[in-house]
Novice: 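This is the structure, below, for whatever I ask next.
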Amino acid sequence: MFEKFRPLGDRVLVRRTQEQERTLGGLYIPDSAKEKPQMGKVVRAGEGERISATGAIVPLPVKEGDTIYFSKYAGTELSSDFLVVRKDEILGVLE
Amino acid sequence: MFEKFRPLGDRVLVRRTQEQERTLGGLYIPDSAKEKPQMGKVVRAGEGERISATGAIVPLPVKEGDTIYFSKYAGTELSSDFLVVRKDEILGVLE
Amino acid sequence: MFEKFRPLGDRVLVRRTQEQERTLGGLYIPDSAKEKPQMGKVVRAGEGERISATGAIVPLPVKEGDTIYFSKYAGTELSSDFLVVRKDEILGVLE
Amino acid sequence: MFEKFRPLGDRVLVRRTQEQERTLGGLYIPDSAKEKPQMGKVVRAGEGERISATGAIVPLPVKEGDTIYFSKYAGTELSSDFLVVRKDEILGVLE
Amino acid sequence: MFEKFRPLGDRVLVRRTQEQERTLGGLYIPDSAKEKPQMGKVVRAGEGERISATGAIVPLPVKEGDTIYFSKYAGTELSSDFLVVRKDEILGVLE
Amino acid sequence: MFEKFRPLGDRVLVRRTQEQERTLGGLYIPDSAKEKPQMGKVVRAGEGERISATGAIVPLPVKEGDTIYFSKYAGTELSSDFLVVRKDEILGVLE
Amino acid sequence: MFEKFRPLGDRVLVRRTQEQERTLGGLYIPDSAKEKPQMGKVVRAGEGERISATGAIVPLPVKEGDTIYFSKYAGTELSSDFLVVRKDEILGVLE
């Protein structure tokens, strides 16, 4: 639905991974983890992060199609399925 | 109405997108998104952002006519239709 | 009244624009804008902003005679008509 | 009384301007200004401000004898007449 | 379980050390230490920390297999056994 | 008593000036000054302040034997007479 | 007990100095000092502090065997005797 949405700078557009999909991915996160992190798929990545001292743009360490983990309260919701997450809120990538 | 208003630095002058226009844009944002982001059209862009280390000005990644998303509490209102938003408050652009 | 007042650094001395003048300026700001920004005329501008990394001074993007908008709680009052506003509190200029 | 006091860095030693002197200066500040700024005369200026990136010292934009305005809560009191004010708390100079 | 998880930037993926394992390691931490730090083994390390002024990446001072100490409230839980910890939250390494 | 104490970095070891000594110094600070600053003598100065951008060390602007003023809540007490004060907490020096 | 513990970066591993040892050191700190600083011996020092602008590592100004003072609430406890303290929390060294 958000194909035409281009995230800015160090942001990525993410589609949340639904509950049952999480087990398929082999990384089932039990509810016991208090602040259970969120999982999702990168739909589109911004152009990158600007280095404040030089002005240069550094590409993001994640790309379209990556499955990522991000902290529970991260991101700004566009809809129940889609949200915008900043690079520094991404914990890691599922290879 | 604000054609003569020139936003400064990393700011952009934005005309809010009205509710029904949002569906036309194909990106209908259901109310379910808790902190529903705002949508609007860039009427005019400031000269750009200054890199604190070098003093150089970097042009903004959005331009006149772009439809942008920005977080719910972003910007300073000039009127019910017009507001001034800073570059870092812009989530993304609708291509 | 404050002609002899020279604002320092990135500050500008501003005379508030009175209510009726706002309509003449063509940019009538209805009260509906919750945090209605303020309008005023630049009486005098400071020497400019220092770039912390190099120490260089960058002239301000506004000059004597400009009509500017600044956020509602911006500035330090010198009197009911005059106040001192910093560059980063200025939203834009009326051309 | 504080002639032997040498303020450090970006600080200045200031003698407050008494109420009646303010009118002589031609810049009478009516009480109506809510957070009425303070006025005073620079008795002595520190050696200047250090640029964090280079370590260089930049002389202060005010000098001995200048009449300055500073925000209401600025400075550290040495006595009811004398206080120490930092460069960034100075609004402007009366020429 | 989290072998396929690649932590980003200055983060490391850590498996908590269980209570009895702590004594084997010779570094038994009595409960008396008020905010008893946590212990764990680095399962995988991110690519490193970016130097904000130059954009260069500096490898992390810990590697796979290291036993590390980190403050009690550090990290983001992935599960009761696994969590993601940032470089600056690591107190030290058990050689 | 603290001769063997070497303060680190931008810190100085200070012996408080007792009340009657303050008058001898000619700079009697009446109690009227609300947040009466403190006075003391520099017993020993740290090696200096590190410039974050270059790593260079800049010597402190005060030296052994100087009488200094520092804000009321400045410093860390070593005893009722001795305390450790950081450079940025020093208001000025009595020449 | 913590010989195998290598503190990271700008941290040092410290063994607290017990009460009676403080008098032997000649620097008896009376209880009158409100926020009585702590004393301890450096067991091991981290590799040093990274200069954010250049990425270079600067060795710590304290070494194994030094007796140091650090503020009352500094450090992270490993046990009742051992704790990890950061460079900036160290007030000074007893020569």
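In what follows, every heavy atom counts, from backbone to side chain, and hydrogens, waters and symmetry copies are set aside. Numbered from 1 within each chain, the chains take letters A, B, ... in sequence-line order.
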Novice: A/P37 versus E/L78: any side-chain heavy-atom pair under 4.5 Å?
Specialist: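 Side chain of A/P37 against side chain of E/L78, heavy atoms only: contact under 4.5 Å found.
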
Novice: Taking the side chain as everything from C-beta on, heavy atoms only, tell me whether A/I51 gets closer than 4.5 Å to E/R50.
Specialist: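 Touching, per the 4.5 Å side-chain cut-off.
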
Novice: For a side-chain contact (heavy atoms from CB on, under 4.5 Å) check, start with the C-alpha distance between E/L8 and A/I68, then their side-chain angles and the critical distance, and finish with the verdict.
Specialist: CA-CA 10 Å; E/L8 276 194; A/I68 61 170; over 6 Å; no

Novice: Look up atom CZ in E/R6 and atom CG in A/L91, then write down how far apart they are to the nearest 0.5 Å.
Specialist: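 Reported value, rounded in 0.5 Å steps: 13.0 Å.
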
Novice: Sort E/R11 into side chain, backbone, both or neither according to what part of it lies under 4.5 angstrom from a heavy atom of chain A.
Specialist: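 Just the side chain, heavy atoms under 4.5 Å.
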
Novice: Hey, could you give me the CD/NZ distance between A/E95 and E/K4, rounded to the nearest 0.5 Å?
Specialist: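 Atom-to-atom, A/E95:CD and E/K4:NZ are 10.0 Å apart.
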
Novice: Kindly determine whether E/F5 and A/V93 satisfy side-chain contact (heavy atoms from CB on, under 4.5 Å), including the steps that lead there.
Specialist: CA-CA 6 Å; E/F5 179 91; A/V93 183; over 6 Å; no

Novice: Take E/T76 and A/K72 through the test side-chain contact (heavy atoms from CB on, under 4.5 Å) and record every step on the way to the result.
Specialist: CA-CA 9 Å; E/T76 304; A/K72 183 168 175 58; over 6 Å; no

Novice: Against chain E, work out which of A/V58, A/T67, A/V62 has the most heavy-atom pairs shorter than 4.5 Å and name it.
Specialist: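 Looking at each option in turn, the highest pair count goes to A/V58.
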
